Amino acid sequence: MPHVKTERSADATPHAAALIEGLRDIGYSLETAIADIIDNSVTAGAHEVQIVTETNCDEPFVAIVDDGCGMTEDELVAAMRPGSKNPLASRSQPDLGRFGLGLKSASFSQCRRLTVVSRVRGKTVAAIWDLDDVAASNEWKISLPAHIDEIPGVEHLGSTGTLVLWQKLDRLSGGVVNNAQKRAEIINQRLAETERHLRLVFHRFMEATSRALRISLNGRGISPLDPFARKNAATICDPEEILGLPQGAVEIQSFTLPHHRQMSKVEWEDLGGPEGHLKSQGFYLYRGKRLILYGTWFGLSRQSELTKLSRVRIDIPNTMDGDWKIDVKKSSAQLPPLVRERLRKVIERIHEGSKRTYRRRGQKLVDQNRLPMWHRVQNDGQISYRPNLDHPVFSEFAATLPEHQRRRFFNCITLVGASLPIDTLHADMSGAAEQIAPDRLDEDTLEQAVRSTFTLLVSARKDVQEIKGLMREVDPFRSAWSDTERIISSIIEEAEDK
Ligand SMILES: Nc1ncnc2c1ncn2[C@@H]1O[C@H](COP(=O)(O)OP(=O)(O)O)[C@@H](O)[C@H]1O
Ligand SMILES: [Mg+2]
């Protein structure tokens, strides 16, 4: 018999203790971890997700309870297996899952003990992964507890649904072990920061007209946060574009948020979030209506002050994960070339639009009719700003001065203009431009300005409404309009009394 060389093999089963610890560090944060758990609830058809926490106690926990379809014991055991589904198997449309890892890796990123309790048709089952047990036994074994009633949070389960319970919150407590109160503060702070992420990520599920998703945090309902402020009438929505690709259709829609003066401070800050509007502009990528990435131009443009109000919604179906290289945490993606090309065009258009808006505002500033306090002067590619020495406030006062003082007065004004702190303005503008506001004038200064401007315009035979219209458009009157109007009324009364 000829000698046949047979291929040999060797056992390469991973070390449970090492691999499961490795799952902890694939880069989840508390907000992405909780969002991943809620994804499973949404996929399970849940309408109510309760996040319940107990932090100020010896064994703090975070519980996420849904009223979805629940799992039988076999399903639960399968769900606890890392890699419980093949990511290549096509998923049904509302399915937000991906690798069959989320439940485990998201949980372990925050805790060392994961308990899942599930109820379906009145039967309740539970399973526990405890990383300390795995470390001790080095075996891929979960425990199935007998006393389910004693599991914290189980009282929140309804007739069907699932409870995901995180205990041994080593990662969440910021290393604080002995001081329960301090630990509670840290965990509560982190949970509060998570809220905004959930309001954004699931806003379209929460806004749904039928069977909307409700999410509560310790009994308090959290509201959806629409990053495009579509309820605000001043938001500009461009028409939707559809880009047909072999794997499905990509829908793209651009929005321009209203100017900060067109909404309340609360709404403006809510929309900008802790990082502010400059960092929140960009593409908002949704996969199956779930926001997976936001506040980035994918390297196609800079986040500039000019385009700060632009946000572009991109919707992709979950049949395209491979093309977009969506990662396990669903928090990063890369663009397929065709989409990249289209988005480049979208950005070009946005830039054009913003430039036009700014040009319009620029014109307003130099329009002679409107009595600007400043002139914008463009010379050899350089732009400078000069106080308008012909402004009635200046010229009228100058007329009261003797000749030699008049020149010195104009010199002073010119000096103020020439020392405009351009660098500081530039730095502030690229950070939080909306926080820069004209200085509030005291009553006396405002009155002087209103009087001279108004008198000049009246002498130019303009009518009161027209004058008001002109003045209302420019500072310092625009920023102090109610006071300005009052002063105008008293000037008119005085004139009538005479
Ligand atoms: N809240 C839940 N309700 C019902 N089934 C769930 C729930 N969470 C997880 N599962 C089941 O566990 C499986 C594994 O979940 P997970 O590890 O997040 O991976 P994936 O979501 O990628 O499938 C899911 O596919 C689902 O069948
Ligand atoms: Mg999942």
Side-chain angles (χ1 to χ4, degrees), residues 19-20 22-24 26-28 31-52 62-111 114-129 131 140 142 144 151 153-154 156-166 198 201-202 205 213-216 287-292 318-322 324 326-331:
L19 190 63
I20 212 161
L23 268 188
R24 308 196 72 189
I26 55 176
Y28 277 99
E31 39 269 45
T32 53
I34 293 189
D36 224 8
I37 301 300
I38 299 182
D39 279 346
N40 287 338
S41 302
V42 171
T43 305
H47 294 290
E48 175 116 43
V49 173
Q50 304 173 59
I51 305 169
V52 182
V62 172
I64 300 153
V65 191
D66 71 43
D67 61 352
C69 62
M71 288 174 273
T72 62
E73 185 165 284
D74 287 349
E75 286 166 341
L76 175 60
V77 171
M80 294 299 264
R81 186 189 299 276
S84 41
K85 257 190 192 171
N86 180 354
L88 296 179
S90 146
R91 292 180 172 273
S92 58
Q93 194 57 24
D95 192 340
L96 300 171
R98 173 114 167 88
F99 294 99
L101 276 177
L103 171 64
K104 285 71 63 173
S105 52
S107 301
F108 297 151
S109 74
Q110 306 301 319
C111 72
L114 160 67
T115 304
V116 180
V117 183
S118 205
R119 185 173 295 158
V120 52
R121 286 185 295 277
K123 192 161 168 32
T124 311
V125 292
I128 302 173
W129 267 123
L131 298 188
W140 295 104
I142 51 175
L144 307 175
I151 296 174
V154 82
H156 295 283
L157 265 182
S159 57
T160 65
T162 301
L163 156 69
V164 172
L165 173 69
W166 296 346
L198 300 179
V201 164
F202 296 104
F205 297 95
L213 175 67
R214 287 193 306 270
I215 304 179
S216 65
R287 169 175 173 273
K289 303 229 183 297
R290 192 261 206 216
L291 182 59
I292 53 177
N318 50 12
T319 47
M320 296 176 87
D321 289 350
W324 289 72
I326 308 259
D327 72 354
V328 184
K329 295 162 297 170
K330 290 171 239 150
S331 60

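Worth saying up front: this structure is predicted, and the values here are computed from it rather than measured. Atom set for the values below is all heavy atoms of this structure, side chains included, hydrogens, waters and symmetry mates excluded. First listed ligand is number 1; within each ligand, the first listed atom is number 1.
- For Asp66, every heavy-atom contact with ligand 1 shorter than 4.0 Å involves the side chain, none the backbone.
- Proximity to Ala79 (heavy-atom distance under 4.0 Å) selects the following atoms of ligand 1: 11 (C), 12 (O), 13 (C).
- To the nearest 0.5 Å, the span separating CD on Glu75 from SG on Cys69 amounts to 7.0 Å.
- Under 4.0 Å from ligand 1, heavy atoms of Leu103 appear from its side chain as well as its backbone.
- Backbone and side-chain nitrogen or oxygen atoms of Gly100 are examined, and one is located within less than 3.5 angstrom of a nitrogen or oxygen of ligand 1.
- Applying the salt bridge (charged side-chain N to carboxylate O under 4.0 Å, His left out) test to Arg24 and every residue at least two apart in sequence or in another chain returns Asp170.
- For the atom pair OG (Ser41) and CZ (Phe202), the distance works out to 8.0 Å, reported to the nearest 0.5 Å.
- For the Mg ion (ligand 2), the set of nearby N, O or S atoms under 2.8 Å includes none belonging to Thr43.
- Taking Glu48 as the reference, Gln50, Asp67, Arg214 meet the side chain to side chain contact (heavy atoms under 4.5 Å, CB included) condition, with sequence neighbours excluded.
- The N/O atoms of Ala44, backbone and side chain alike, include none that comes under 3.5 Å of an N/O atom in ligand 1.
- Closest approach of Gly102 to Asp36, counting heavy atoms only: CA-OD2, 3.6 Å.
- When the options Glu75, Met71, Met80 are ranked by their closest heavy atom to atom 10 (N) of ligand 1, first place goes to Met71.
- The OG1 atom of Thr162 sits 4.5 Å away from the CG atom of Asp66 when rounded to the nearest 0.5 Å.
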